[in-house]
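Worksheet for the structure shown next.
All values below were derived from every heavy atom in this structure, side-chain atoms included, with hydrogens, water molecules and symmetry-related copies excluded.
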Amino acid sequence: MELMMLAEGEAWMSDEERRLNGQFVVGVRALLDSRGVTENPLLSLRVNDVVVSWLLVRRMEARLGEEADPE
């Protein structure tokens with residue numbers, strides 16, 4: 001798995017999540033390149049773990065916000 005493949009997103013992601021995912025992965029790759037870090041499969045898996053966790057937390061926070069809004 002390569003970082004740029006991760007930037008494409010997954011089928012379960014919304015359009016907004018795909019956009020955020022792409023920005024995050026491209027940014028992480030630029031940071032790692034600037035620091036001379038060599039891309040490897042383990043690094044790609046860890047970046048993927050971070051993205052998935054971040055997006056799932058965003059979804060949970062959105063649901064909590066909906067439940068807290070009095071209508």
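- Between R58 and E61, none of the side-chain N atoms (NZ, or NE/NH1/NH2) sits under 4.0 Å from a carboxylate O, so this pair counts as no salt bridge.
- L3 has its side chain within reach of L32: a pair of non-hydrogen atoms, C-beta onward, lies under 4.5 Å apart.
- No side-chain heavy atom of L55 sits less than 4.5 Å from a side-chain heavy atom of R59.
- V51 and L45 fall within a single hydrophobic cluster, where Ile, Leu, Val, Met, Phe, Trp and Tyr side chains are chained together by heavy-atom contacts under 4.5 Å.
- One distance of note links CZ of R18 with CH2 of W12; it measures 9.5 Å at 0.5 Å rounding.
- Heavy atoms of other residues, nucleotides or ligands lying less than 6.0 angstrom from CZ of R19 number more than 12.
- Under a hydrophobic clustering in which Ile, Leu, Val, Met, Phe, Trp and Tyr are joined whenever their side-chain heavy atoms come within less than 4.5 Å, directly or via other members, L6 and W54 fall into the same cluster.
- Within a 6.0 Å radius of CG in D49, other residues, nucleotides and ligands contribute more than 12 heavy atoms.
- At distances below 3.5 Å, at least one donor-acceptor pair connects side-chain atoms of S34 with backbone N or O atoms of L31.
- Under the 4.5 Å side-chain heavy-atom criterion for ILVMFWY residues, a single connected hydrophobic cluster contains both L56 and V25.
- In the hydrophobic cluster analysis, where Ile, Leu, Val, Met, Phe, Trp and Tyr join through side-chain heavy atoms closer than 4.5 angstrom, F24 is grouped apart from V26.
- Across every non-hydrogen atom of V37 and D33, the tightest pair is O-OD1, 4.4 Å.
- Here L20 contributes atom CG and M13 contributes atom CE; the two are 9.5 Å apart, rounded to the nearest 0.5 Å.
- The number of heavy-atom neighbours closer than 6.0 Å to CE of M5, taken from other residues, nucleotides and ligands shown, is 12 or below.
- Within a 6.0 Å radius of CD in E2, other residues, nucleotides and ligands contribute 12 heavy atoms or fewer.
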